[in-house]
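So the structure is just underneath, and the comments pick up after that.
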Number of protein chains: 2
Amino acid sequence: MAAPSPKHDVFQAIADPTRRSLLQLLVDREMPVTAISGHFPMSRTAVSKHLRILADAGLVKERKVGRETRYRLEPEPLLELKRWLSFYERYWENKMSALKRYVEAEEPSSGAERAAGRLGEDGD
Amino acid sequence: MAAPSPKHDVFQAIADPTRRSLLQLLVDREMPVTAISGHFPMSRTAVSKHLRILADAGLVKERKVGRETRYRLEPEPLLELKRWLSFYERYWENKMSALKRYVEAEEPSSGAERAAGRLGEDGD
DNA sequence: TTGACATGAAACCTGACGGTGTCATAATAG
DNA sequence: CTATTATGACACCGTCAGGTTTCATGTCAA
């Protein structure tokens, strides 16, 4: 019963770029495996395995509809990530001010179109 | 140098539990490798490699002091993570209300002890 | 029933990862 | 100078993750 024995945690699940794309693809629609795999340059089986890992981490949910299995995003587990992150927030607040504000400014609304938000790697 | 070709991104860097502990250990103090490795049940070389990966992702910074190399946290790259996360925030806000508030309530202080936040699996 | 479609499971390959031990080198102590 | 300490660079190894292909099963359509 809802035994929380996830072999894969959220951190590991989102570590893979393919998996992150998968999440984004399923962000608001529900899709069957074959349709999903059409968006990726790999075999359907490979995608299926990634989905399994995501499901294992609780990030997607499966629903069988006829002969197909539809997957959809389940964002709750990301809360763990958020909480982990929030712990470090106060640390970068120490040294960041302008940069932080610049980023924060885009969040509240619907900032998400800037997929490639480049951060200054070489700070000093 | 300043090679902007990080083989390891932030997502991958924090995927490993050891590396997350490493970050936490270096969160406000600067430590040399040997001292750091004293906190972990593995060889100094292994720790050193983890540090390399973290440095590669820009999450720690090295400073040579005499014959020792001191490492310290560099939280800026976590912003990328935060921005990635913020994209999904509005999605879990759809289905979460009480739960969200309950979690949010712990963040502001220094909440990080509740590692096992159980979420209702079947939302609808 | 028969056949096509959707999917998961299994066996397998390869490269990266996490770990070890050893060694070379730079810096400090005597 | 010599010995010790701190560290990084290597070489090596076992495991696992990501990928492929093949096969079995279940569902839908004629």
Side-chain angles (χ1 to χ4, degrees), chain A residues 5-26 29-74 77, chain B residues 1-3 5-26 29-74:
Chain A
S5 326
K7 299 184 295 295
H8 299 102
D9 56 45
V10 186
F11 293 92
Q12 188 184 351
I14 65 165
D16 188 278
T18 300
R19 245 124 54 193
R20 289 198 296 274
S21 300
L22 235 11
L23 291 182
Q24 195 150 11
L25 182 63
L26 299 173
R29 45 173 178 278
E30 191 183 48
M31 294 176 72
V33 179
T34 303
I36 296 174
S37 70
H39 295 251
F40 294 87
M42 65 187 72
S43 74
R44 176 190 51 81
T45 309
V47 171
S48 191
K49 281 211 256 183
H50 280 301
L51 287 170
R52 166 61 62 100
I53 291 177
L54 289 173
D56 205 32
L59 283 167
V60 299
K61 194 163 183 178
E62 335 177 2
R63 182 171 70 110
K64 306 259 319 185
V65 176
R67 57 180 162 182
E68 55 186 28
T69 308
R70 301 194 186 150
Y71 288 83
R72 99 179 125 83
L73 178 69
E74 199 75 18
Chain B
M1 19 200 66
S5 329
K7 301 182 296 294
H8 298 103
D9 56 40
V10 188
F11 292 93
Q12 189 182 350
I14 65 166
D16 188 277
T18 300
R19 244 123 55 192
R20 289 198 296 274
S21 300
L22 234 11
L23 290 182
Q24 194 151 10
L25 182 62
L26 299 173
R29 46 175 178 280
E30 192 183 50
M31 294 176 73
V33 180
T34 304
I36 296 174
S37 69
H39 294 253
F40 294 87
M42 64 187 71
S43 74
R44 177 188 52 81
T45 308
V47 171
S48 192
K49 280 211 261 182
H50 280 300
L51 286 170
R52 165 61 63 101
I53 291 176
L54 288 174
D56 205 34
L59 284 167
V60 299
K61 195 163 183 180
E62 336 176 2
R63 183 171 70 109
K64 306 257 323 184
V65 176
R67 59 181 161 182
E68 55 184 32
T69 307
R70 302 196 185 149
Y71 288 83
R72 102 180 121 80
L73 179 71
E74 199 76 16

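Worth knowing before you read on, the calculation uses all heavy atoms, side chains too, and leaves out hydrogens, waters and symmetry mates.
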- Drop me the distance from B:L73's CG to B:M31's CE, to the nearest 0.5 angstrom. 13.0 Å
- Could you give the NE2-to-C1' distance, from A:H8 to D:dG18, as a whole number of Å? 11 Å
- Within less than 4.0 Å of OP1 or OP2 of D:dG19, is there a side-chain N or O belonging to A:H50? yes
- Task: Kindly write out the residues that satisfy side chain to side chain contact (heavy atoms under 4.5 Å, CB included) with A:R44, not counting sequence neighbours, or none if the list is empty.
- Result: A:V33, A:T34, A:S37
- Message: Which nucleotide wins on minimum distance to the side chain of B:T18, given the candidates D:dG19, D:dG18, C:dG19?
- Response: C:dG19
- Measuring from A:L51:CG to A:D56:CG, what's the distance to the nearest 0.5 Å? 12.0 Å
- What's the CZ-C1' distance between A:R52 and D:dG18, to the nearest Å? 15 Å
- Message: If you define the side chain from C-beta out and look only at heavy atoms, does anything of B:V60 sit under 4.5 Å from B:L22?
- Response: no
- Message: Once you apply a heavy-atom cut-off of 4.0 Å, does B:R70 come out as touching a base, just sugar-phosphate, or nothing?
- Response: nothing
- Item | Spacing between A:R19 atom CZ and D:dG19 atom P, to the nearest angstrom | 8 Å
- Between A:D56 (CG) and C:dG8 (C1'), how many Å, whole number? 15 Å
- What is the distance, rounded to the nearest whole Å, between atom CE of B:M31 and atom P of D:dT7? 10 Å
- Item | Nucleotide C:dG8, atom P - distance to CZ of A:R63 in whole Å | 15 Å
- In whole Å, what is the span from the CG atom of B:L54 to the C1' atom of C:dC17? 14 Å
- Message: Suppose the criterion is side chain to side chain donor-acceptor pair (under 3.5 Å): which pairs have a residue in residues 11-20 of chain A, not counting sequence neighbours?
- Response: A:D16-A:T18, A:R19-A:H50
- List the atom of A:A13, the atom of A:L59, and the distance in Å for their closest heavy-atom pair. CB-CD1, 3.9 Å
- Item | Gap separating the NZ atom of B:K61 from the CZ atom of B:R70, nearest 0.5 angstrom | 15.5 Å
- Task: Report yes if at least one side-chain N or O of A:Y71 is closer than 4.0 Å to OP1 or OP2 of C:dG8; otherwise report no.
- Result: yes
- Item | Gap between atom CG of B:L54 and atom CG of B:L26 - 0.5 Å precision | 8.0 Å
- Item | From OG1 (B:T69) to CD (B:E30), nearest 0.5 Å | 10.5 Å
Could you list the protein-to-nucleotides 12-16 of chain D atom pairs, N/O on both sides, closer than 3.5 Å?
none

Within the sub-3.5 Å range, which N or O atoms of nucleotides 25-27 of chain D have a protein N or O partner, and how far apart are they?
none

- Taking atom CZ of B:F40 and atom OG of B:S21, what is their separation to the nearest 0.5 Å? 5.0 Å
- Before accepting this row, confirm whether a basic side-chain N of the pair B:E62/B:K64 lies closer than 4.0 Å to the acidic partner's carboxylate O. no
- Query: Can you name the residues that form a side chain to side chain contact (heavy atoms under 4.5 Å, CB included) with A:A15, not counting sequence neighbours?
  - Reply: B:A15
- Message: How many whole angstroms separate atom CG of B:D16 from atom P of D:dA17?
- Response: 12 Å
- Note on the structure: What residues 35-48 of chain A contributes to the DNA chain C interface at heavy-atom separation below 4.0 Å is A:R44, A:T45, A:S48
